[in-house]
Amino acid sequence: MADVGVIGAGIAGLTAAYQLQHAGVDVEVLEASGRVGGMIGTERTNGYLVEMGPNSLRGSNEAQESVIASLGLESEVVEANDAASTRYVVREGRPQPLPMSPWTFLTTDLLSASAKLRLLGEPFVSSAPGGEDESVASFVRRRLGPEVLDYMVDPFVGGIFAGDPDRLSLRNAFQRLHDMESEHGSLFRGLVHAARNRSTDDGPSRGLFSFRKGLQTLPDALATALNGRIRRNTSVQALRPGGSVQVENDGAQRQHAYDAVISTLPLHALTDIDFPTEVDLDPLAEVPYPPVSVLALGFREDDVQHPLDGFGMLVPSVENEFRILGTIFSSTLFPQRAPDGHVLLTTFVGGMRHPDLGRADTQMLSARVQDDLDALLGLQGAPTFVRHVPWNRAIPQYMQGYDHVTETIETLESAHPWLTLAGNYRQGISVGDALESGADAADRVLDRLAQPVPSR
Ligand SMILES: Cc1cc2nc3c(=O)[nH]c(=O)nc-3n(C[C@H](O)[C@H](O)[C@H](O)COP(=O)(O)OP(=O)(O)OC[C@H]3O[C@@H](n4cnc5c(N)ncnc54)[C@H](O)[C@@H]3O)c2cc1C
């Protein structure tokens, strides 16, 4: 039986290990911390259910749906409240609903009349010459106009990547938009084409969802299925040619040789360990992972004036009197997230926009966040609950020039065929993308292990 080492028990590593185990491979997961899930983490305290990293999953990912079904977690799934289809974006200091239909688009105050007219001209904008690694901001300004960038795209880039649209690569960070332009010459035509081709046989796809007891349910179920194959508090220190891994556990060093190794270490961690290779790893070490702080605040329901009738609100960078990137109305989004008569608001701060605040201490952060929430949602009392989770290195930024990162990863894998890389820096940053990248890595390792060993 082949012996495969998987480094990291985040969603990518757990999925890779689960799939390999299913295929009859002897697998061992090496995890530096004392828990599984990586960025996924749920805590229940004082009647509040707090998500420390991701808050929700999207239902459109096949690999993710198949893992959930195979783990028997269907009955644990909770779908987002209908009210969560409203999303607010702040303009001129007020949360405004994002238009979701042609009528609300015509009547919204989020865009000026001239920005709406400019948007209607999108199908007539000529496409960019191929080959250029255009930034998200440049693409949106060119096709949709500057106001759409400021009030519709920049806030989402802040909310998803904690990123800067002027520096993110369109084709790497939002490949679908890039492909719509290159294949259909226009986003509008691309959307019409996608709507026409959406098969009615696809069945109803799940929208946003979580689990009754929070997202930790998914890594916990994977860990249970991996039954004893996870070594916690086991930090990988070195990788040696051929698939030998040196780990430290409780101060003791151990070395183990595997037939294959899957690394799901964040790129900064991979380039920090001792790994002799001819391949220049600088492009991997240079990928920014800006700090993000999550601040979960509980309030008495009567102490918040805003009805919190939505998913949450995003703050565009042009609204620069505010410091928060956005707030999820967590107790509206999913049931049982706050005690009766209370609400839970989860706010994100930092990212490429305000890295200093991503590192701020709880007292200063809490004061700053409450100032912003007071101005935007109307607070009439102090929080009844505070939980601060700092992520010193949060989300990898798919910056312009990211093709070089992808090429380096591929060169590294060709130079060391025993090593396969997976994680949120490879196919997208969502939980579903990271999960899929783990599943793909397991497939590639299985293919390689199935090949006859070349005779000497
Ligand atoms: C604040 C925040 C909010 C987010 N919100 C969402 C959301 O709502 N929806 C969504 O889909 N995505 C969201 N994401 C993104 C998503 O959570 C991540 O991209 C995804 O979970 C990453 O999974 P991964 O397995 O690639 O990496 P990780 O989860 O980072 O796992 C890597 C693992 O490697 C371990 N490790 C590190 N060094 C070593 C070492 N030397 N030896 C052994 N192990 C080591 C780590 O401890 C960790 O467990 C969010 C992320 C953050 C930070």
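Note that these values count all heavy atoms, side chains included, but never hydrogens, waters or copies made by symmetry. Residue numbers count from 1 along this sequence. Just follow the structure's listing: the first ligand is 1, and inside any ligand the first atom is 1.
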Subject >> Partners meeting side-chain hydrogen bond (donor to acceptor under 3.5 Å, both in side chains) with Gln397 (sequence neighbours left out) >> reply: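 Listed in chain order: nothing, the list is empty.
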**OP:** Kindly assign one of parallel, tilted or perpendicular to the pair Tyr48 and Phe385, based on the angle between their ring planes and the thresholds 30° and 60°.
**Re:**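 Parallel: the ring planes of Tyr48 and Phe385 meet at under 30°.
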What does the N/O contact table under 3.5 Å look like for ligand 1?
unit_1: ligand 1; atom_1: 8 (O); unit_2: Asn55; atom_2: N; d: 3.1
unit_1: ligand 1; atom_1: 9 (N); unit_2: Ser56; atom_2: O; d: 3.0
unit_1: ligand 1; atom_1: 11 (O); unit_2: Val431; atom_2: N; d: 2.8
unit_1: ligand 1; atom_1: 12 (N); unit_2: Val431; atom_2: N; d: 3.4
unit_1: ligand 1; atom_1: 19 (O); unit_2: Asn424; atom_2: ND2; d: 2.9
unit_1: ligand 1; atom_1: 19 (O); unit_2: Ile429; atom_2: O; d: 2.6
unit_1: ligand 1; atom_1: 25 (O); unit_2: Ile11; atom_2: N; d: 3.2
unit_1: ligand 1; atom_1: 25 (O); unit_2: Ala12; atom_2: N; d: 3.0
unit_1: ligand 1; atom_1: 26 (O); unit_2: Asn424; atom_2: N; d: 3.0
unit_1: ligand 1; atom_1: 29 (O); unit_2: Met39; atom_2: N; d: 2.9
unit_1: ligand 1; atom_1: 41 (N); unit_2: Val236; atom_2: O; d: 3.2
unit_1: ligand 1; atom_1: 42 (N); unit_2: Val236; atom_2: N; d: 2.9
unit_1: ligand 1; atom_1: 44 (N); unit_2: Ala32; atom_2: N; d: 3.1
unit_1: ligand 1; atom_1: 47 (O); unit_2: Glu31; atom_2: OE2; d: 2.7
unit_1: ligand 1; atom_1: 49 (O); unit_2: Glu31; atom_2: OE1; d: 2.7
unit_1: ligand 1; atom_1: 49 (O); unit_2: Glu31; atom_2: OE2; d: 3.2

Original post:
Is the closest side-chain donor-acceptor distance between Asp220 and Thr217 under 3.5 Å?
Top reply: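 No, no side-chain donor-acceptor pair sits under 3.5 Å.
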Original post:
Is the shortest heavy-atom distance from the side chain of Glu79 to the side chain of Arg206 under 4.5 Å?
Top reply: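 Glu79 vs Arg206: side chains touch.
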**OP:** May I have the step-by-step check of side chain to side chain donor-acceptor pair (under 3.5 Å) for His388 and Ser293, ending in yes or no?
**Re:** CA-CA 7 Å; His388 172 205; Ser293 261; 2.8 Å; yes
**OP:** Quick one: do His256 and Tyr258 satisfy ring-ring contact (aromatic ring centres under 6.0 Å, His included)? Show the steps, please.
**Re:** CA-CA 6 Å; His256 189 99; Tyr258 298 100; 4.3 Å; yes
